[in-house]
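Below is one structure, written out as structure tokens; the observations come after it.
Throughout, protein chains are lettered first and strands after them, A, B, ... in sequence-line order, and every chain is numbered starting at 1. This structure is a prediction, so every number in the text was calculated from the model and none was measured. Atom set for the values below is all heavy atoms of this structure, side chains included, hydrogens, waters and symmetry mates excluded.
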Amino acid sequence: MGEQTTTTKSMDDIMALCKRRGFVYQASEIYGGVNGFWDYGPLGAQLKKNLRDAWWQDVVMLGCCGKAGPDGKPVRIVPVDTCIIQNPKVWEASGHVGGFNDPMVIDQSTPDGKRFRADHLYGMYLTWSIDESPDEMLEVLEGYANDTTRDFPHGPNLTCVASGPEEALGVFRSVEKKIRAEIRVYEGSHRYPVFEYISKRGDHDKPIFGAVFPVPQWILKRHSACVPSPFNAPSPELFAQIPPQGKVSELMAPRAFNLMFKTYIGATATEDDIAYLRPETAQGIFINFKNVVDTTRVSLPFGIAQTGKAFRNEVTPRNFTFRSREFEQMEIEFFCHPDEAKAWYTFWRDWRMQWWQDLGLGGENLILREHDTDELAHYAKEGAGTSDIEYRFPFTAPGYGELEGIADRTNFDLKQHQEHSKKKMEYHDTTRGELLPNGQPKGEWYLPHVIEPSAGLDRGVLALLCEAYTPDPDRPSKVYMKFHPRIAPIKAAVFPLVKKDGMPEKAREIHAALVTRFGRFGAIEFDEKQSIGKRYARMDEAGAPFCFTVDGQTLEDGTVTVRDRDTLEQTRIPEAQVPDFLGERLGL
RNA sequence: GCGGGCGUAGCUCAAUGGUAGAGCGUCAGCCUUCCAAGCUGAAUGUUGACGGUUCGAGUCCGUUCGCCCGCUCCA
């Protein structure tokens with residue numbers, strides 16, 4: 001790893017090279033593109049495949065490269081390949097339907113456009129007629145909340161951000177004694193507090209009634225101008241500034257909140273046929289956990305691995321391929337006994353970090369970051385922890401962007417699927433439990449805990465591209481791609497120094513030999529056009545680690561020159577040793 | 001989604017409202033015994049798209065698509 005950090009690299013230059021050399025194209029480019037989608041060109045596709053293969057080989061086929069697990073035994077991983085479209089109930093169980101991403105509302109009246117979760121916005125509604133009863137009021141409110149076709153008489157008089165109606169009531173109660181007394185908690189279909197209210201304004205001292213009620217999304221969409229800005233712990237001055245009903249407020253409509261792509265199964269395309277493109281590959285693994293256990297001779301602890309496309313209707317696709325709407329994941333769900341989760345979490349976190357480093361993402365650009373407890377996902381709160389392997393991309397520098405997340409998901413997913421599918425997900429562990437008189441363990445039933453190392457393949461490719469990109473004003477190409485030989489899309493090139501004297505023929509022989517042996521791992525280039533300098537320069541930009549050149553001396557003593565991409569050094573080796581030389585450098 | 005910037009050849013960029021150009025790259029030929037060398041030649045654009053103003057629009061206006069930067073997020 002050189003001193004070159006990504007902070008000194010230009011993302012624009014990297015993107016230009018990606019286009020120029022056929023790594024990444026904008027998807028549907030000739031039609032103006034589609035936001036959030038990218039295509040891989042010839043070199044990019046090979047690079048991506050090499051990374052996916054490296055993961056597959058090291059994780060699945062070699063079981064963590066043969067490294068022993070925390071129990072001292074080989075790590076067992078088996079693969080699956082599950083559908084992008086599953087029964088919609090899968091996504092209800094996983095929690096993706098209805099709330100994958102929380103809807104946000106922006107308050108533009110605050111200087112920095114403060115934003116908060118729309119479902120945390122509560123309103124204080126007051127009866128608009130003194131004679132109304134609280135029951136009538138709630139009835140009307142709930143009726144309007146459910147029927148989005150009717151026009152709402154008016155929005156809430158006050159709003160605040162709170163985690164629940166009770167907390168919201170507390171905030172409202174603190175507003176300058178506007179609320180004299182809380183009458184009771186309404187015992188209807190919801191638990192929304194109803195209170196007695198005496199206005200300081202006006203000349204009536206009869207109580208009127210108010211209720212704390214969530215502000216429905218559709219009210220925000222259609223009546224954002226009628227909804228007062230939210231506040232917390234208001235001062236008297238602030239309260240005086242709350243826009244009265246009907247006046248302009250700056251709450252914006254909440255943004256879309258289901259980030260799954262919808263589609264239809266069958267040709268009729270009715271509401272009953274709705275299905276979703278998976279937002280993660282993980283659920284395909286969880287729902288097949290029992291199948292794998294029942295049909296494969298695996299026993300806990302073991303992992304199930306899968307690579308594949310996933311889809312998220314991101315609000316803001318950005319940063320080249322970093323946040324795409326269609327992307328590929330490399331996921332492992334590793335199942336183990338709850339007592340062993342901590343040890344396995346640590347094991348995976350450290351090994352996955354090591355893996356990325358071994359592929360060339362070493363140095364200061366790669367960090368392992370343990371999550372703070374307050375940023376944990378709901379399913380990980382009880383677990384041993386969550387950590388990210390993060391890379392310092394040029395567009396995130398000096399910060400980092402996530403490459404892979406390692407999370408202890410506890411038994412959350414299996415439990416969810418067990419509840420929703422009514423199918424038993426528990427694992428019968430015959431190695432546990434008290435010993436029976438005959439010396440056999442009694443066995444133990446339990447829901448395994450899951451450690452999930454989930455990596456973004458496209459993000460991995462992007463990180464490799466950024467890391468490899470190495471400006472060098474001293475060489476003709478001004479830049480070269482310093483790919484690790486293992487993942488380099490072009491493994492080597494063979495050139496005749498000049499196109500005469502039998503050099504092209506000799507070079508073709510060497511080229512053919514290399515293709516036979518290494519062609520399945522990546523491209524072996526042959527080029528006899530133009531000057532040798534141009535050909536070297538082209539290989540620099542493509543990131544080919546080695547170039548073999550046939551020259552006049554080759555025809556005399558059978559040696560060729562090897563040009564090292566990174567050091568620019570040239571050494572002579574016998575022609576017959578070229579395949580072994582390359583094989584050794586590629587680790588094959 | 002909101003705010004700001006941008007969109008001309010494969011790439012980097014020119015062109016007062018008046019005939020769309022250059023460099024590099026690509027390709028062909030010649031030459032060439034190690035780093036985009038040299039010479040000759042060639043191909044490449046509905047100026048992102050649609051509409052409007054104008055005698056005339058790459059240029060001005062509107063709409064739309066896309067990209068970049070912030071707010072947000074997470075594989």
**Request:** Choose from B:A75, B:A36, B:U32 the nucleotide whose nearest atom is closest to any side-chain atom of A:R21.
**Result:** B:A36
**Prompt:** Distance check: side-chain N/O of A:K19 vs OP1/OP2 of B:G10, anything under 4.0 Å?
**Reply:** no
**Request:** Hey, which sits more toward the 5' end of RNA chain B by its nearest nucleotide, A:S477 or A:E328?
**Result:** A:S477
**Request:** Describe the nucleic acid contact of A:R20 in one word from base, sugar-phosphate, nothing, applying a heavy-atom distance below 4.0 Å.
**Result:** sugar-phosphate
**Prompt:** Considering only the P atoms, how many Å lie between B:A49 and B:U8, rounded to the nearest integer?
**Reply:** 10 Å
**Asked** Has A:R563 got its NZ or CZ under 6.0 Å from the middle of the six-membered ring of A:Y536, at an angle within 45 degrees of the ring axis?
**Response** yes
**Watson-Crick/G-U partner (both atom distances under 3.5 Å) of B:G25** = none
**Item:** Residue-phosphate contact under 4.0 Å: A:Q530 side-chain N/O, B:C27 OP1/OP2
**Value:** yes
**Asked** Hey, does A:G552 reach any base, or is it just sugar-phosphate, or nothing, if we go heavy atoms under 4.0 Å?
**Response** base
**Asked** Is it true that A:E509 and A:K506 have a side-chain N and a carboxylate O under 4.0 angstrom from each other?
**Response** yes
**Asked** Under 4.0 Å: is that the gap between some side-chain N or O of A:N35 and OP1 or OP2 of B:C65?
**Response** no
**Request:** Pick the C1' atom in B:U12 and in B:G18, then give their distance to the nearest Å.
**Result:** 27 Å
**Fill in**
Nearest-nucleotide check on RNA chain B, A:E331 vs A:L497; residue mapping nearer the 5' end is A:L497
**Request:** Kindly state whether the ring of A:F581 and the ring of A:F546 have centres lying under 6.0 angstrom apart.
**Result:** yes
**Item:** Separation of B:U12 P from A:M15 CE (nearest whole Å)
**Value:** 10 Å
**Prompt:** Taking C-beta and beyond as the side chain, do A:D566 and A:Y480 meet within less than 4.5 Å on heavy atoms?
**Reply:** yes
**Message:** Pairing donors with acceptors under 3.5 angstrom, does anything connect the side chains of A:W356 and A:E404?
**Reply:** yes
**Prompt:** Can you check whether A:T549 has a side-chain N or O nearer than 4.0 Å to OP1 or OP2 of B:C34?
**Reply:** no
**Asked** Do NZ/NE/NH1/NH2 and the carboxylate oxygens of A:D527 and A:R538 come within less than 4.0 Å?
**Response** yes
**Per A:I532 side chain, nearest of listed nucleotides B:C35, B:C67, B:C74** = B:C35
**Prompt:** How long is the line joining CZ of A:R325 and P of B:C74, in whole Å?
**Reply:** 16 Å
**Request:** Report which part of the nucleic acid A:T554 touches: base, sugar-phosphate, or nothing (heavy-atom distance under 4.0 Å, all strands).
**Result:** nothing
**Message:** Within the 4.0 Å heavy-atom criterion, would you say A:F320 contacts the bases, only the backbone, or no part of the nucleic acid?
**Reply:** sugar-phosphate
**Asked** Touch check for A:G308, heavy atoms < 4.0 angstrom, all strands: base, sugar-phosphate only, or nothing?
**Response** nothing
**Asked** Contact class for A:T561 (heavy atom, under 4.0 Å): base, sugar-phosphate, or nothing?
**Response** base
**For atom CZ of A:F495 and atom P of B:A36, their distance in whole Å** = 13 Å
**Message:** Return the pairing partner of B:U8 with a 3.5 Å limit on both distances, Watson-Crick or G-U wobble; otherwise return none.
**Reply:** none
**Asked** Whom does B:G38 pair with, Watson-Crick or G-U wobble, provided both distances fall under 3.5 Å?
**Response** B:C30
**Complete:** Among the nucleotides B:U33, B:C35, B:U32, whichever has the atom closest to the side chain of A:K499 is B:U32
**Request:** Nearest whole angstrom, please: distance from the P of B:C27 to the CZ of A:R538.
**Result:** 6 Å
**Request:** Using a heavy-atom cut-off of under 4.0 Å over every strand shown, decide if A:E404 touches base, sugar-phosphate, or nothing.
**Result:** sugar-phosphate
**Separation of B:C69 C1' from A:N319 CG (nearest whole Å)** = 9 Å
**Message:** Checking base pairs now: Watson-Crick or wobble, both atom distances under 3.5 Å. What partners B:G3?
**Reply:** B:C69
**Prompt:** What distance, rounded to whole Å, do you find between the two P atoms, one in B:A15 and one in B:G58?
**Reply:** 15 Å
**Proximity to the side chain of A:Q329 - top-ranked nucleotide from B:G25, B:C35, B:A75** = B:A75
**Prompt:** A:Q570 side chain: which of B:C67, B:C35, B:A75 is closest?
**Reply:** B:C35
**Message:** Going by purine N1 to pyrimidine N3 plus the second Watson-Crick contact, or the G-U wobble pair, all under 3.5 Å, which nucleotide sits opposite B:A20?
**Reply:** none
**Asked** What does A:E326 touch in the nucleic acid at a heavy-atom separation under 4.0 angstrom: a base, only the sugar-phosphate, or nothing?
**Response** nothing
**Between B:A42 and B:C61 - P atom distance, rounded Å** = 39 Å
**Closest to the A:A16 side chain, choosing from B:A75, B:U12, B:A28** = B:U12
**Asked** So, A:K478 and A:D472, do they make that salt bridge, N to O below 4.0 Å?
**Response** no
**Request:** For B:G56 versus B:U16, give the span between their C1' atoms, rounded off to a whole number of Å.
**Result:** 15 Å
**Request:** Identify whether any heavy atom of A:R563 sits under 4.0 Å from a base atom; if not, whether one sits that close to sugar-phosphate; answer base, sugar-phosphate or nothing.
**Result:** base
**Message:** For A:E328, is there an ion pair with A:K309 - N to carboxylate O distance below 4.0 angstrom?
**Reply:** no
**Item:** Pairwise P distance for B:G10 and B:U44, with rounding to whole Å
**Value:** 11 Å
**Prompt:** Rounded to whole angstrom units, what separation is found between the CG atom of A:D12 and the C1' atom of B:C11?
**Reply:** 13 Å
**Request:** Using a strict 4.0 Å threshold on nitrogen-to-oxygen distance, state whether A:R535 and A:E528 make a salt bridge.
**Result:** no
**Prompt:** Base, sugar-phosphate alone, or nothing: which one does A:L568 contact when heavy atoms must sit under 4.0 Å apart?
**Reply:** base
**Message:** Work out how far the P atom of B:A57 is from that of B:U53, and round it to whole angstrom.
**Reply:** 11 Å
**Request:** Can you tell me the distance, in whole Å, between the CE atom of A:M503 and the P atom of B:U32?
**Result:** 12 Å
**OP1 or OP2 of B:A36 under 4.0 Å from side-chain N/O of A:K478** = no
**For B:C50, the Watson-Crick or wobble partner whose two distances fall under 3.5 Å** = B:G62
**Message:** What is the separation between atom CE on A:M260 and atom C1' on B:A75, rounded to the nearest whole Å?
**Reply:** 16 Å
**Request:** Using the P atom on both, measure B:G48 against B:G7 and round to a whole Å.
**Result:** 8 Å
**Prompt:** Stacking check: are the rings of A:F327 and B:A75 less than 5.5 Å apart at their centres and under 30 degrees in tilt?
**Reply:** yes
